[in-house]
Amino acid sequence: MTERFDCHYCKESLFGKKYLLREENPYCVKCYENLYSNSCEECKKPIGCDGKDLSYKDRHWHEACFHCFQCKRSLVDKPFAAKDEHLICTECYSNEYSSKCHECKKTIMPGTRKMEYKGNSWHETCFICARCQQPIGTKSFIPKENQNFCVPCYEKQFAMHCIQCKKAITTGGVTYRDQPWHKECFICTGCKKPLSGQRFTSRDEFAYCLNCFCNLYAKKCAGCTSPISGLGGTKYISFEERQWHSDCFNCKKCAISLVGRGFLTERDDILCPECGKDI
């Protein structure tokens, strides 16, 4: 007796018929397609065993249904992009969604490298230095008057050069006596500390911080012996080649302030008239 060879699902005989195996079980074509075939994303019909099943991200299409959502041209073996779950050929995608190059005004094709700055986009080959015409790429650049310059070209064409080190000043800087300085080059002649953002003064065209200037050049108070800077409106008293801070110009005996009052001297001391009447 001949052994039966039936469809695993509908039990119809498969002798002389086309069949497919799944997990070692035979199925007739109709049952296999009903049970296991993928449905086409476009026409919603099963994708039969005799046709190609084209897939993208767990979605499936008949070969004839795999086309651009906009122009309807076939996407088989062609590059495409996805937008809002629709498949679009690169040409339609570029015309509809891609950025336009700020320089040449042409479309920047999907998958190609583009440069972006302040909301504008460029082809990599169009994003070039306005002076040397070389692509800037990922290198540093400096914008000026709607043009972009690589750092070496900007320094040659526009940057001021530090009077001290002679190198270009690309950011910040200090102007002193109408000459440009790097902040780190503008230092005290005495202690060599930076003067940028600090109070300073000068002597013989050399800049000094207040401490160095006072220690080197300021007169000393006859009362406290500390320097009298005379800067920033500091008030002081001068008498017979001696100087006092206003707060130090006091009677030697009773310590009353003598600013704006008469006084007497006894050797190196100053006295109020009351304390000096017995001299």
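For clarity, every value in this text was computed on a predicted model and none was experimentally measured. Computation of the quantities below employed the complete heavy-atom set of this structure, encompassing side-chain atoms and omitting hydrogens, waters and symmetry-equivalent molecules.
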Kindly assign one of parallel, tilted or perpendicular to the pair F127 and W122, based on the angle between their ring planes and the thresholds 30° and 60°. tilted
Can you say whether the rings of F186 and Y176 are parallel (under 30°), tilted (30 to 60°) or perpendicular (over 60°)? tilted
Thinking salt bridges, do E274 and K277 make one under a 4.0 Å N-O criterion? yes
Could you check whether K252 pairs with E266 (Lys NZ or Arg NE/NH1/NH2 to Asp/Glu carboxylate O, under 4.0 Å)? no
Is [X] reaching over with its side chain to a backbone N or O of [Y], donor-acceptor style, under 3.5 angstrom?
X	Y	result
E33	P46	no
T265	R267	no
Q133	A130	yes
D178	T175	no

Does a side-chain heavy-atom distance below 4.5 Å link [X] with [Y]?
X	Y	answer
C272	C254	yes
S226	H245	yes
K114	E124	no
C191	N211	no
R131	Q147	no
Q243	K220	no
Y93	F69	no
Y19	P26	yes

In sequence, state the C-alpha distance, the side-chain angles, and the governing distance for Y56 and F80, and then conclude on ring pair (Phe, Tyr, Trp, His ring centres under 6.0 Å). CA-CA 11 Å; Y56 173 73; F80 62 88; 5.2 Å; yes
Report yes or no: is the cationic atom of K144 (NZ for Lys, CZ for Arg) closer than 6.0 Å to the six-membered ring centre of F158, at no more than 45° off its axis? yes
Assess the pair F249 and F239: is the distance between their ring centroids shorter than 6.0 Å? no
Decide if atom NZ of K100 counts as having more than 12 heavy atoms of other residues, nucleotides or ligands within a radius under 6.0 Å. yes
Should we count CD of E12 as having more than 12 external heavy atoms under 6.0 Å?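 Open: at most 12 neighbouring heavy atoms sit under 6.0 Å from CD of E12.
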Quickly, which of H60, H62, E63, R59 forms a side-chain contact (heavy atoms from CB on, under 4.5 Å) with C40? Name it, please.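 With C40 as partner, side-chain contact (heavy atoms from CB on, under 4.5 Å) holds for just one option, H62.
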Report whether F149 and I128 are members of the same hydrophobic cluster (ILVMFWY, side-chain heavy atoms less than 4.5 Å apart, transitive linking). no
Going only through I, L, V, M, F, W and Y residues with side-chain contacts under 4.5 Å, is there a path from L75 to I88? no
So, T189 versus R203: side-chain donor-acceptor pair below 3.5 Å or not? no
Distance-only donor-acceptor check, side chains Y32 and Y9, under 3.5 Å: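 The criterion, which ignores hydrogens and geometry beyond distance, is not satisfied for Y9 and Y32.
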Just do the side-chain contact (heavy atoms from CB on, under 4.5 Å) check on F263 and L271 with the steps written out, would you? CA-CA 6 Å; F263 62 91; L271 304 169; over 6 Å; no
